[in-house]
Number of protein chains: 2
Amino acid sequence: MIRVAIADDHRMLLEGLANALSAVADLTVVATAVDGQELLDKLENANAQVLVIDIEMPGMDGLTALSRLDGRLPAVVVTMHTDDDRRQQAAAAGAAAFLSKGAPLPELAAAVRAVLGGENLIESGVDEGVMARHGSPVLDAGAAALTNREIELLTLLGRGVSATDELAERLFISSKTVKNHLASIYEKLGVADRAQAAVEAIRLGFTGD
Amino acid sequence: MIRVAIADDHRMLLEGLANALSAVADLTVVATAVDGQELLDKLENANAQVLVIDIEMPGMDGLTALSRLDGRLPAVVVTMHTDDDRRQQAAAAGAAAFLSKGAPLPELAAAVRAVLGGENLIESGVDEGVMARHGSPVLDAGAAALTNREIELLTLLGRGVSATDELAERLFISSKTVKNHLASIYEKLGVADRAQAAVEAIRLGFTGD
DNA sequence: TCTGATATGGACCTGCCGACCTATATCAGT
DNA sequence: ACTGATATAGGTCGGCAGGTCCATATCAGA
């Protein structure tokens with residue numbers, strides 16, 4: 001899981017974005033702040049790996065906060081207004097990426113993964129190459145190894161279908177096979193039972209929509 | 001579930017807000033749009049009950065879209081700039097509430113519930129009375145009846161703590177009591193086992209943060 | 001062609017889960 | 001003072017869950 005800290009003075013964007021990013025399988029939001037000072041304070045104990053930060057904030061703005069951090073964390077700067085002035089200011093403050101708030105969420109997620117990997121997108125932006133390298137979340141090692149059938153089963157679990165017989169009927173297989181698949185899932189995800197597998201299913205986004 | 005449609009030209013806010021509102025127990029987002037025209041198009045088939053709409057959008061802006069809708073749906077207008085001009089324009093266009101994007105998410109949720117109930121907050125804003133009446137989501141009948149201890153247990157379940165003994169240790173009670181509480185939870189939520197209870201715990205927002 | 005992964009199915013067994021019933025102490029509300 | 005809800009704990013019991021084996025058929029890839 002990539003631990004992200006977010007700062008934005010607009011609570012709707014802040015909380016909305018925090019929620020959306022946490023919903024991305026490989027990201028988790030460990031701190032949120034409505035200005036630069038609060039961000040610096042919270043970073044003390046938050047153990048974040050990447051910053052997503054708005055330029056425009058009352059009190060200490062994003063660029064000042066970035067300068068104070070002096071590159072301790074890679075940062076993705078987001079802004080309402082993507083003019084060249086701001087881009088250059090962001091670059092000078094040590095940002096590793098620069099995005100419009102109008103950018104699609106997957107691009108933000110890709111930028112977060114890219115800058116954590118040390119890439120600098122401040123000039124190039126998020127292009128196709130970045131999306132190709134970082135577009136799809138790197139799921140947990142175990143989750144990546146799940147087979148199609150296991151994912152089908154896991155999705156049902158995440159939707160609350162827990163009984164062996166019920167699962168067997170829905171997948172048109174015997175209850176014995178269901179138990180075999182479940183055993184594989186438990187091993188791959190490192191969980192012990194259906195309840196934990198269901199929680200993981202939801203966390204990994206196997207919700208069937 | 002209250003079916004909400006959202007329009008905002010900034011995808012981060014749009015998708016983030018959609019995600020955050022869907023995470024609220026009694027709300028679900030059935031349509032999103034990046035301008036007024038797309039909103040009108042999507043509303044044809046979306047069966048939404050309430051609108052959350054940004055004023056500033058390229059193409060057809062929020063106020064124009066509201067005028068076109070002519071009050072068919074109650075609408076909460078959100079904006080970056082909450083000056084009186086905009087508030088009056090929103091009122092004229094038929095909005096039932098007017099909020100800053102800096103407003104906390106619970107206030108937006110409360111406003112959505114209030115305008116669905118026919119209240120007009122365009123002048124008064126979201127005050128304490130509104131929060132008192134509409135602040136807490138109306139959870140499922142069963143979930144509302146959960147006791148504090150049951151919620152503690154359910155929260156642990158939603159975080160993947162599934163073994164009886166583990167639950168007992170964490171709550172400093174005997175395993176027998178854990179099983180008693182679980183039985184109550186199953187009955188109140190209408191579920192059959194831990195896996196289903198865990199899924200419900202997450203759906204209801206008992207995630208422990 | 002041979003191997004490995006996938007999907008299916010089975011037997012067996014230990015043990016925990018869930019159902020049902022009972023019991024006590026506390027506390028808030030009447 | 002009495003009642004009801006809550007939180008605690010115990011007993012019993014049938015059954016399913018999860019672990020550990022094993023077996024077969026298919027299919028893609030080396």
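Reminder, nothing fancy here: chain letters follow the sequence lines and each chain counts from 1.
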query = CZ of B:Arg149 versus C1' of D:dT8: gap in Å, rounded?
reply = 9 Å
task = Mind calculating the distance between CG (B:Leu171) and C1' (D:dA7) to the nearest angstrom?
result = 12 Å
query = Would you call A:Arg149 and A:Leu171 a side-chain contact if the rule is heavy atoms closer than 4.5 Å?
reply = yes
remark   = Nt span of DNA chain C in reach of chain A heavy atoms at under 4.0 Å, 5' end first, is C:dT6 to C:dG10
Flag side-chain contact, heavy atom, 4.5 Å: A:Val34 against A:Arg11 = yes
ask   = Between atom CG in B:Asn180 and atom P in D:dG11, what is the gap in whole Å?
value = 13 Å
key: B:Asp83 CG: over 12 foreign heavy atoms closer than 6.0 Å   = yes
Close N or O pairs between protein and nucleotides 12-19 of chain D (under 3.5 Å):
from, atom 1, to, atom 2, distance (Å)
D:dA17, OP1, A:Thr164, N, 3.2
D:dA17, OP1, A:Thr164, OG1, 2.8
D:dA17, OP2, A:Thr164, OG1, 2.9
D:dA17, O5', A:Arg194, NH2, 3.4
D:dG18, OP1, A:Tyr186, OH, 3.4
D:dG18, OP1, A:Arg194, N, 3.1
D:dG18, OP2, A:Tyr186, OH, 2.9
D:dG18, OP2, A:Arg194, NE, 2.5
D:dG18, OP2, A:Arg194, NH2, 3.0
D:dG18, N7, A:Lys179, NZ, 2.9
D:dG18, O6, A:Lys179, NZ, 2.9

key: From CA spacing to verdict: side chain to side chain contact (heavy atoms under 4.5 Å, CB included), B:Asp54, B:Leu13   = CA-CA 10 Å; B:Asp54 186 18; B:Leu13 182 58; 5.8 Å; no
task = Identify, with sequence neighbours excluded, every residue that meets side-chain hydrogen bond (donor to acceptor under 3.5 Å, both in side chains) alongside B:Thr79.
result = B:Glu56
Donor on one side chain, acceptor on other, B:Asp41 and B:Gln37, under 3.5 Å = yes
ask   = Quick one: is B:Thr147 getting a side-chain N or O under 4.0 Å of the D:dA7 phosphate, OP1 or OP2?
value = yes
query = B:Arg194 and B:Thr164: side-chain donor and acceptor closer than 3.5 Å?
reply = yes
task = Keeping the roles fixed (side chain from B:Glu150, backbone from B:Leu146), state whether a donor-acceptor pair exists under 3.5 Å.
result = no
